[in-house]
2 protein chains.
Amino acid sequence: MSDPVNGDRPVPVTALLEQAMTWIRDDLYALSDARFPGLRMRHYRLLVMLPPDGERLSRLAAHSGLTKQALAQALAPLEDGGYVEVLPDASDGRARLVRLTDRGREADEAVRGRLDAVERDWARRVGEERYAVARGVLADLAPGPAGSPAAVTVEE
Amino acid sequence: MSDPVNGDRPVPVTALLEQAMTWIRDDLYALSDARFPGLRMRHYRLLVMLPPDGERLSRLAAHSGLTKQALAQALAPLEDGGYVEVLPDASDGRARLVRLTDRGREADEAVRGRLDAVERDWARRVGEERYAVARGVLADLAPGPAGSPAAVTVEE
DNA sequence: TATTGTTATACTCTATAACTATA
DNA sequence: TATAGTTATAGAGTATAACAATA
């Protein structure tokens, strides 16, 4: 099927990925409007990556791919909104621990619930098996936590 | 295999999609460094969506999801770099037509070539058949011209 | 009056640089 | 001296509002 823009060439994979992200973003922003005003994608990203016992700013920065400064800015609204608390680290006077509050956990669960709903809807539309393959492919492309994209020798 | 962040819960699909986009972006930015200095994702996005005969600013804005203002700003470096030319529309004195130049077509082809190389690499890593299914799923999620995305509602 | 495009301005997100406090 | 975090500032990307010219 050709469209006037791409002709007989394939639709760029970037367009497909970005379209999928756009739908998810719109969905999550409806969640923000309904229950968590002011939370944007970057906040949800952080909420779902905070471990139960909290984590240091530096480690969270490395883990998230943000600079410490960008992380601190993204974290401020989360702290103001009561989603996380930032505590001194007893083992190092310089360090601070970021930890989810109950409300933060609530938002975390809500986000995961919405993502799950979106994925179930997608699976219904394209077929459960096919969607499972697609998700598996994306997961296989992503190596470990700090993995590099070109890590071809990834063990499955 | 569980990680400390997600436990036994699935890795958020947003993380998978964003990771894939990040790899592609890094790849295309290497192309910018090598051959098309200054071009960013938004410019490539526009280059690959310009039809051969050119398009009006308004239509391109609607098509790209950008406001006319944002589009005009994104277009300026493309015009300065000689990738597109903006011409008056003979059929409407108000309108302007945006059209790819030869250099713009060159960049368009280069981008599509890189995307193709990335996809071939991915297919090799996860298996040709599996990758074909994954791409097909993403394409199927994108509905036709009048289609609407996964319309889901948020419970209050 | 509606539409095409422009000018002016502001907000979100992230980065680099320079700094303070603690190790 | 190196590390954890902060303050200040800048840039990319996109939006809204107000405007101009043409239909």
Side-chain angles (χ1 to χ4, degrees), chain A residues 14 18-19 21-22 24-26 28-29 32-33 36-47 49-50 54-81 84-99, chain B residues 14-15 18-19 21-22 25-26 28-29 32-33 36-47 49-50 54-81 84-99:
Chain A
T14 43
E18 285 171 348
Q19 178 68 86
M21 273 306 304
T22 296
I24 291 179
R25 178 161 37 242
D26 290 348
L28 290 185
Y29 283 5
S32 296
D33 291 342
F36 308 112
L39 294 199
R40 319 305 296 174
M41 284 304 289
R42 60 172 175 170
H43 305 123
Y44 291 131
R45 237 178 259 132
L46 292 173
L47 285 179
M49 75 171 44
L50 271 172
E55 191 157 31
R56 285 195 190 170
L57 261 176
S58 281
R59 283 207 53 189
L60 189 53
H63 185 195
S64 67
L66 295 171
T67 59
K68 289 182 298 178
Q69 301 92 317
L71 176 62
Q73 266 196 261
L75 233 31
L78 286 176
E79 197 178 0
D80 293 347
V84 303
E85 51 191 358
V86 181
L87 311 159
D89 182 341
S91 69
D92 188 331
R94 299 168 301 180
R96 289 170 168 276
L97 281 174
V98 185
R99 204 166 59 184
Chain B
T14 43
E18 285 171 348
Q19 178 69 85
M21 273 306 304
T22 297
R25 178 161 38 242
D26 289 348
L28 290 186
Y29 283 5
S32 296
D33 291 343
F36 308 112
L39 295 198
R40 321 303 296 173
M41 285 304 289
R42 59 171 176 171
H43 304 123
Y44 291 131
R45 237 178 259 131
L46 292 172
L47 287 178
M49 74 172 45
L50 271 172
E55 190 158 32
R56 284 195 191 171
L57 260 177
S58 280
R59 283 208 53 190
L60 188 53
H63 185 193
S64 68
L66 293 172
T67 59
K68 289 182 298 178
Q69 301 92 316
L71 176 62
Q73 267 197 262
L75 233 32
L78 286 176
E79 196 177 359
D80 293 345
V84 303
E85 49 191 358
V86 182
L87 311 159
D89 182 343
S91 70
D92 187 330
R94 299 168 300 180
R96 288 171 169 278
L97 281 174
V98 185
R99 204 167 58 183

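Note that these values count all heavy atoms, side chains included, but never hydrogens, waters or copies made by symmetry. Residue numbers start from 1 in every chain, and the chains themselves are labelled A, B, ... in the order their sequence lines are given, proteins ahead of strands.
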Q) Which residue lies toward the 5' end of DNA chain C, Y29(A) or S91(A), if each is placed at its nearest nucleotide? A) Y29(A)
Q) Considering residues, nucleotides and ligands other than R59(B), do more than 12 of their heavy atoms fall under 6.0 Å from its CZ? A) no
Q) If only side-chain N and O atoms of R25(A) are considered, is one of them under 4.0 Å from the OP1 or OP2 phosphate oxygen of dT12(C)? A) no
Q: Could you tell me whether S58(B) contacts a base, only the sugar-phosphate backbone, or nothing, with contacts defined as non-hydrogen atoms closer than 4.0 Å?
A: sugar-phosphate
Q | Protein-nucleotide distance (M21(A), atom CE; dC13(C), atom P), rounded to Å | A | 13 Å
Q | Q69(B) vs Q73(B), nearer the 5' end of DNA chain D by closest nucleotide | A | Q73(B)
Q: Could you tell me the separation between the CG atom of L75(A) and the P atom of dC13(C), rounded to a whole number of Å?
A: 13 Å
Q. Does R42(A) make a side-chain N or O approach to OP1 or OP2 of dC13(C) shorter than 4.0 Å?
A. yes
Q: Remember a base hit wins even if backbone is also touched, and classify R59(B) as base, sugar-phosphate or nothing at under 4.0 Å, heavy atoms.
A: nothing
(Q) For chain A and DNA chain D, what are the first and last nucleotides along the strand, 5' to 3', with at least one atom under 4.0 angstrom from a heavy atom of the protein chain? (A) dA2(D) to dT7(D)
Q: For D92(A), answer base if it contacts any base atom (sugar-phosphate contacts may also be present), sugar-phosphate if it contacts only those atoms, and nothing otherwise; contact means non-hydrogen atoms under 4.0 Å.
A: sugar-phosphate
Q) What is the distance, rounded to the nearest whole Å, between atom NZ of K68(B) and atom P of dT7(C)? A) 13 Å
Q) Of the non-hydrogen atoms in E55(B) and M49(B), which two are nearest, and what is the gap between them? A) OE1-O, 4.4 Å
**Q.** Residues R96(A), D89(A): salt bridge by 4.0 Å N-O rule
**A.** no
(Q) Testing the 3.5 Å rule here: is there a donor-acceptor pair between the side chains of Y44(B) and T14(A)? (A) no
Q | Approximate separation, where rounding is to 0.5 Å, of S58(A) OG and H63(A) NE2 | A | 14.0 Å
Q) Counting distance only, does the side-chain N/O of S32(B) pair as donor-acceptor with the main-chain N or O of L39(B) below 3.5 Å? A) yes
Q) Over how many whole Å does the gap from M41(B) atom CE to dT14(C) atom P extend? A) 16 Å
Q: Round to the nearest Å and state the distance from L57(A) atom CG to dA21(C) atom P.
A: 18 Å
Q) Expressed in angstrom and rounded to an integer, what is the separation of R56(B) atom CZ from dT6(C) atom P? A) 13 Å
